[in-house]
Enquirer: 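Input: one structure, supplied below.
This one's a predicted model, so the numbers in the text were calculated from it and none came from an experiment. We name chains A, B, ... by the order of the sequence lines, and we start the count at 1 in each one.
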Number of protein chains: 2
Amino acid sequence: MPAVIENYWVTILKALGHPTRLQIVIELLKGTKCVTDIHDILPASQANISQHLTVLRNARIVDFAQDGSQRCYYVCRPELVEGVLELLRNEQPESKAKKVQCCLRKPENADGHQAV
Amino acid sequence: MPAVIENYWVTILKALGHPTRLQIVIELLKGTKCVTDIHDILPASQANISQHLTVLRNARIVDFAQDGSQRCYYVCRPELVEGVLELLRNEQPESKAKKVQCCLRKPENADGHQAV
DNA sequence: TATTGATATTAGAATATGCGAATATTATTT
DNA sequence: AAATAATATTCGCATATTCTAATATCAATA
């Protein structure tokens with residue numbers, strides 16, 4: 001299994017890496033909400049929330065269902081987002097650094113390190 | 001369980017949300033490496049890799065053990081990082097959008113939506 | 001101690017991101 | 001067809017990120 005990075009991984013992580021967007025996603029996990037609902041909950045302007053929803057949508061984290069003039073947004077990858085949040089909740093901010101021994105690179109052995 | 005966002009969650013997600021940094025972390029998961037090792041593997045300058053390692057260290061994702069003039073970096077929250085990668089690997093870029101019904105906000109019922 | 005190897009830091013330019021204000025769009029209602 | 005509600009888009013500016021080039025630091029060695 002090669003450690004290939006898919007571009008959309010970074011897009012997803014970047015999209016989640018903003019306080020307002022993470023909050024939006026957390027709120028949407030509780031239930032589908034339209035833009036006004038989110039606006040009522042979070043301290044951001046309607047335009048700004050709309051902008052963040054666009055980012056989340058481009059990352060395919062959320063999608064919406066049109067309902068008249070409303071757009072009901074929801075998390076379309078709940079397993080992913082819930083999973084990430086679960087992992088974060090299990091982490092302590094100051095978790096003990098797991099001490100690890102050093103790598104193999106040595107001056108007298110130029111091939112000691114793991115080159116490609 | 002309130003949906004409180006811890007600031008460091010965003011810091012962690014933001015740190016992982018960069019292609020070079022995600023690659024660094026993936027390589028470190030395979031084994032501890034010094035900066036030169038990473039430099040040999042990834043297409044970035046030494047200075048740049050050092051800068052990214054600083055970001056990852058500030059997010060408490062990696063740490064290092066000093067070994068003479070070398071710094072052997074390693075992922076100090078392997079469960080978290082492996083978990084996130086696992087979740088990402090399980091996602092298809094074009095996964096079917098789970099269709100969800102709309103929220104409750106209706107014109108004739110101003111309290112229908114879930115306000116704070 | 002001068003040199004070399006390994007890594008970090010700084011400065012500065014290019015680019016990207018975030019956000020408010022204003023405006024546009026679309027659907028519903030009167 | 002206006003008026004209104006819900007949402008999106010655009011513009012412009014402030015700020016943040018990212019990267020390169022140059023330089024500094026620090027440890028090991030000749």
Enquirer: Under 4.0 Å between a side-chain N or O of B:H18 and OP1 or OP2 of D:dC19?
Expert: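 So the side chain of B:H18 is within the cut-off, an N or O lying under 4.0 Å from OP1 or OP2 of D:dC19.
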Enquirer: Taking the side chain of B:S69 as heavy atoms from C-beta outward, which of C:dT7, C:dC19, C:dG5 is closest to it?
Expert: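 Among C:dT7, C:dC19, C:dG5, the one nearest the side chain of B:S69 is C:dG5.
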Enquirer: What integer distance in Å separates B:L22:CG from D:dT18:P?
Expert: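 So the two atoms are 13 Å apart, to the nearest Å.
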Enquirer: Roughly, in whole Å, what's the span from CG in A:D67 to P in D:dA6?
Expert: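 Spelled out: CG on A:D67 to P on D:dA6 is 12 Å.
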Enquirer: Please answer whether the main-chain N or O of A:H52 pairs with a side-chain N or O of A:R21 as donor and acceptor at a distance below 3.5 Å.
Expert: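 Side chain of A:R21 to backbone of A:H52: no pair is present.
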Enquirer: Report yes if at least one side-chain N or O of A:H52 is closer than 4.0 Å to OP1 or OP2 of C:dC19; otherwise report no.
Expert: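 Yes, such a contact exists.
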Enquirer: Looking only at the side chain of B:C34 (C-beta and beyond, no hydrogens), which of the listed nucleotides C:dT7, D:dC19, D:dA8 gets closest?
Expert: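 Per side-chain heavy atoms of B:C34, the pick is C:dT7.
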Enquirer: For B:A47, check side-chain contact (heavy atoms from CB on, under 4.5 Å) against everything at least two apart and list the hits.
Expert: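 B:A47 satisfies side-chain contact (heavy atoms from CB on, under 4.5 Å) with B:S45 once adjacent residues are dropped.
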Enquirer: Does some side-chain heavy atom of A:Y74 sit less than 4.5 Å from a side-chain heavy atom of A:D63?
Expert: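 Yes, side chains in contact.
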Enquirer: Suppose we screen for side-chain contact (heavy atoms from CB on, under 4.5 Å). Which residues come up paired with A:L87, at least two apart in sequence or across chains?
Expert: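 Applying side-chain contact (heavy atoms from CB on, under 4.5 Å) to A:L87 gives B:L80, B:V84, B:L87.
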Enquirer: In whole angstrom, what separates B:I49's CD1 from D:dT18's P?
Expert: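 After rounding, the reported distance stands at 15 Å.
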Enquirer: For a quick test of reading the model: is some side-chain N or O of A:H39 closer than 4.0 Å to OP1 or OP2 of D:dT7?
Expert: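 Checking D:dT7 against A:H39, no side-chain N or O comes under 4.0 Å of OP1 or OP2.
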Enquirer: Report the distance from atom CG of B:L16 to atom P of D:dT17, rounded to the nearest whole Å.
Expert: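 For the pair B:L16 CG and D:dT17 P, the rounded distance is 15 Å.
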Enquirer: Taking only side-chain N and O atoms of B:R71, does any of them lie within less than 4.0 angstrom of OP1 or OP2 on C:dA8?
Expert: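 Indeed, a polar side-chain atom of B:R71 lies that close.
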Enquirer: Which pairs, protein N/O on one side and nucleotides 10-13 of chain D N/O on the other, fall under 3.5 Å?
Expert:
| from | atom 1 | to | atom 2 | distance (Å) |
| --- | --- | --- | --- | --- |
| D:dT10 | O4 | A:Q51 | NE2 | 3.1 |

Enquirer: Can a side chain N or O of B:Y73 be found less than 4.0 Å away from OP1 or OP2 on C:dA8?
Expert: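 The answer is yes; a side-chain N or O of B:Y73 sits under 4.0 Å from OP1 or OP2.
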Enquirer: So which nucleotide from C:dT7, D:dT17, D:dT7 ends up closest to the side chain of B:T36?
Expert: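 So the nucleotide nearest the side chain must be C:dT7.
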Enquirer: Under 4.0 Å between any heavy atoms, over every strand shown, what does B:S50 touch: base, sugar-phosphate, or nothing? Just pick one.
Expert: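 Base contact - B:S50 has a heavy atom under 4.0 Å of at least one base atom.
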Enquirer: Please determine, for the side chain of B:K14, which listed nucleotide (D:dT17, C:dA6, D:dA8) has the closest atom?
Expert: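 Among D:dT17, C:dA6, D:dA8, the one nearest the side chain of B:K14 is D:dT17.
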Enquirer: What integer distance in Å separates B:D37:CG from C:dA6:P?
Expert: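 Rounded to whole Å, this separation is 10 Å.
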Enquirer: Is any side-chain N or O of A:R21 closer than 4.0 Å to OP1 or OP2 of C:dG18?
Expert: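 Yes, within the criterion.
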Enquirer: Should B:L28 and B:K33 count as side-chain neighbours, where that means a heavy-atom distance under 4.5 Å?
Expert: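 Yes, close enough: below the 4.5 Å cut-off.
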Enquirer: Figure out the CG/C1' separation between A:N48 and D:dA8, and round it to whole Å.
Expert: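 Value for this atom pair: 13 Å.
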Enquirer: For the residue pair A:R89 and B:W9, establish whether any side-chain heavy-atom pair is separated by less than 4.5 Å.
Expert: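 A side-chain contact under 4.5 Å exists here.
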Enquirer: Is it true that a side-chain atom of B:R77 and a backbone atom of B:R60 form a donor plus acceptor pair closer than 3.5 Å?
Expert: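 Yes, the answer is positive, given that a donor and an acceptor are paired below the 3.5 Å cut-off.
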Enquirer: Where the side chain of B:T54 is concerned, which of D:dT20, D:dA8, C:dT9 is the nearest nucleotide?
Expert: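 For B:T54, the side-chain atoms sit closest to C:dT9.
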Enquirer: Given atom CD of A:Q70 and atom C1' of C:dT28, what is their separation to the nearest angstrom?
Expert: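 The distance from CD of A:Q70 to C1' of C:dT28 comes to 11 Å, rounded to the nearest Å.
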Enquirer: Nearest whole Å is fine: how far is D:dT17 C1' from B:L53 CG?
Expert: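 After rounding, the gap between these two atoms is 17 Å.
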Enquirer: Are the side chain of A:K14 and the backbone N or O of B:H18 linked by a donor-acceptor pair below 3.5 Å?
Expert: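 Between the backbone of B:H18 and the side chain of A:K14 there is no qualifying donor-acceptor contact (under 3.5 Å).
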Enquirer: More 5' along DNA chain C: A:A44 or A:G68, using each one's nearest nucleotide?
Expert: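 This one resolves to A:A44.
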